[in-house]
Number of protein chains: 2
Amino acid sequence: MKNSIRLLRAEKGWSQAELADQVGVSRNSVNSIENGKFDPSLPLAFRIAHAFGLTVEEVFDKEDAFT
Amino acid sequence: MKNSIRLLRAEKGWSQAELADQVGVSRNSVNSIENGKFDPSLPLAFRIAHAFGLTVEEVFDKEDAFT
DNA sequence: AAGATTTGACAAGCTAGCTTTTCATTGCGA
DNA sequence: TCGCAATGAAAAGCTAGCTTGTCAAATCTT
C-alpha cells in the first residue's frame, strides 16, 4: 500500500529512527513500511498519521485496498 | 480497538456474512473484529469504512491506538 | 578525504490477522 | 413448534506484521 511517509518525514526533517521512536516501533518497521514491504497495522497507521498531524486517509493511499 | 461496525451494520440491515462478502473476508473475520478479538489490517479497515461510506477514523476508535 | 549519520536489506523468530471447519445458541417467520 | 438464518466461539493452520541483530552502501558534515 502506497503512502506519503517518506515525503512527510522529509518535510519534518525526521530520520526513520526518530519517527520510529515517536510511533513506538523499530526503525526497520518504518523502513519496511516506507518501502512498501508490508502495511502497518491499523493502530500503527493511526499513530503514524497522528505524528504528522494528519488522518490515515491523508497518509495512506486507500486505492490500494481495493485492487 | 473499538469500532462502530455492529451499529453501522444494523443501520444498513446487513448480516455479518453480507458485510464479509462486500469487503472480501470470511464471516468469522467480521465477527472477530466486531467482538474485538483482533484489529483489521489497514487495507481491510479501508474496505470496511468504504462499505459504510465513511472514513477509517469514523468507524474505528483511534484512541485505542495510543493507550 | 575521513568520520558519523542515515538508509536499505536480510535472517530468524514471535505474534497477530485471516482462513476453513465445525458446533451450540439464539431469534424469527411460516 | 419446526426449521432456518444469524451469531458466537473455538481449533488448527498459513501468512503478514513486527522484533532484534547485523552489515553494506549512501549521504551528510567538517
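Reminder, nothing fancy here: chain letters follow the sequence lines and each chain counts from 1.
- Between Pro43(B) and Asp64(A), every side-chain heavy-atom pair lies at or beyond the 4.5 Å cut-off.
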Under 3.5 Å, which protein N or O atoms sit close to an N or O of nucleotides 27-29 of chain C? Give each pair with its distance.
none

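- No donor-acceptor pair closer than 3.5 Å links the side chain of Asn35(A) to the backbone N or O of Lys37(A).
- When side chains are defined from C-beta on, Ile48(A) does not count as touching Leu54(A), because their heavy atoms never get closer than 4.5 Å.
- OP1 and OP2 of dC18(D) both lie 4.0 Å or more from every side-chain N or O belonging to Arg47(A).
- Distance alone, capped at 3.5 Å, places no donor-acceptor pair between the Arg27(B) side chain and the Gln16(B) backbone.
- As rounded to whole Å, 17 Å separates atom P of dA5(D) from atom CZ of Arg9(B).
- Applying the 4.0 Å criterion to OP1 and OP2 of dG8(D), one finds that Gln16(B) has a side-chain N or O inside that range.
- For DNA chain D, the neighbouring residues in residues 17-35 of chain B, judged by any heavy atom under 4.0 Å, are Arg27(B), Asn28(B), Asn31(B), Asn35(B).
- The backbone N or O of Leu7(B) sits nowhere less than 3.5 Å from a side-chain atom of Ser4(B) that would complete a donor-acceptor pair.
- A salt bridge between Arg9(B) and Glu34(B) is present, with a side-chain N of the basic residue lying under 4.0 Å from a carboxylate O of the acidic one.
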All N/O pairs under 3.5 Å across the protein-nucleotides 14-17 of chain C interface:
| unit_1 | atom_1 | unit_2 | atom_2 | d |
| --- | --- | --- | --- | --- |
| dG17(C) | OP2 | Asp39(B) | N | 3.4 |
| dG17(C) | O5' | Asp39(B) | O | 3.3 |

